[in-house]
Amino acid sequence: MAQSGESPGESGPFAAFSAVPLRLRIARTYSPPPMSASADRSSSLFYSRRHLLGIEGLTAQEIDGLIDLSDSYVEQNRRADKKDSLLHGRTVINLFFETSTRTRTSFELAAKRLGADVVNMSVATSAIKKGETLLDTAATLNAMRPDVIVVRHPDSGAVNLLSQKVDCAVINGGDGSHEHPTQALLDALTIRRRRGSLAGLLVAICGDIRHSRVARSNIHLLTTMGAHVRVIAPPTLLAPGIDRMGVEVFTDMRKGLKGCDIVMMLRLQTERMQGSYVPSIREYFHFFGLDYEKLANAKPDALIMHPGPMNRGVEIDSEVADDIDRSLIREQVEMGVAVRMACLDVLTRSLRPNAGAA
Ligand code: NCD
């Protein structure tokens, strides 16, 4: 049930902005103790859906199964020879209507390490006419008989729509401010390898909640897996209805961080903002940027995460981001490849006669 850590929007330095209309390092290589690799690569009984469009609606068993399988791919990615032939002869298309560095590269590496043929299509956002073009593109790509399409699109819901028009599996690589399921899965894998379990952890998600698909997917995943989630943001950057997602809401960073195990920072998504949501970058950093002084409110061993790309000096202090004892930011990127291999694996099992597809 939604609880309120404090009432957002009534006081504090950003109070005046609540009236804005609503519209829309890691230097050391960490080797965790071996997890109970309950992932049985030959069984996909835990996931029988055709697509991965979001975390919302997935069961704890499905999420656990995906994380277990991802964990089993981490070791493969640390070998000198990282490649196998599970997806030999399969075609994966990365269809990105928005800029991306790590997500697109990560999906490409994941597909190649599994032996698939990969085609990368980047479409400049400004050049597309939404809707019609999307469906035309879907029909065109479908005719080329791909096995998986990974789609990133600036509009919430666009990936879902596309999935209804093609015969292959679709993975949501991030749609508008809606969902980014593989980011939440990689965050969960990163946390679980460090802490052993997600259940019972207190996780703070801080910053531009309103425009963040990462926040939404993480809230769904973490609450489903028994973690307690706090969102911390200025009132202007809290999403409407966020308090109904089973999270505690804070507009004061120091109060919100109290006792937290994990501090997840988010980028200000200026590309999705129409108008001014923060008084100034300087003031934003002063009240909501993660520095050691604010971090001192969290547990002494609290870990720091960020999906990237980071804006140093805006939402996170450079030293904190590079703290080899606290920051998991580079580890998150590593886990991303393993998670995407697991997703490609499960979604193509129906194409492999002996893969134990559900
Ligand atoms: C995130 C995204 O695109 O939603 N980045 C990512 O996938 N690594 C977060 C962001 O862009 O701030």
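Atoms within a ligand are numbered from 1 in the order they appear, just like the ligands themselves. Position 1 is the first residue of the sequence; numbering continues from there.
Closest non-hydrogen pair, K299 versus R326, comes out as O-NH2, 3.6 Å.
Contact of the N120 side chain with the E108 side chain is registered, since non-hydrogen atoms from C-beta on lie closer than 4.5 Å.
With R213 as reference, H180 is the one residue of H178, H180, Q269 to meet the side chain to side chain contact (heavy atoms under 4.5 Å, CB included) rule.
Protein residues are said to neighbour a ligand when one of their heavy atoms lies under 4.0 Å from it; for ligand 1 these are R102, T103, R152, H180, Q183, R213, V214, R267, Q269, P307, G308, P309.
The aromatic rings of H211 and Y277 sit perpendicular, their planes meeting at an angle over 60°, well past the 30° parallel limit.
Salt bridge E56/R216: absent, no basic N to carboxylate O contact under 4.0 Å.
No hydrogens or angles considered: a donor-acceptor pair under 3.5 Å links the side chains of Q332 and D187.
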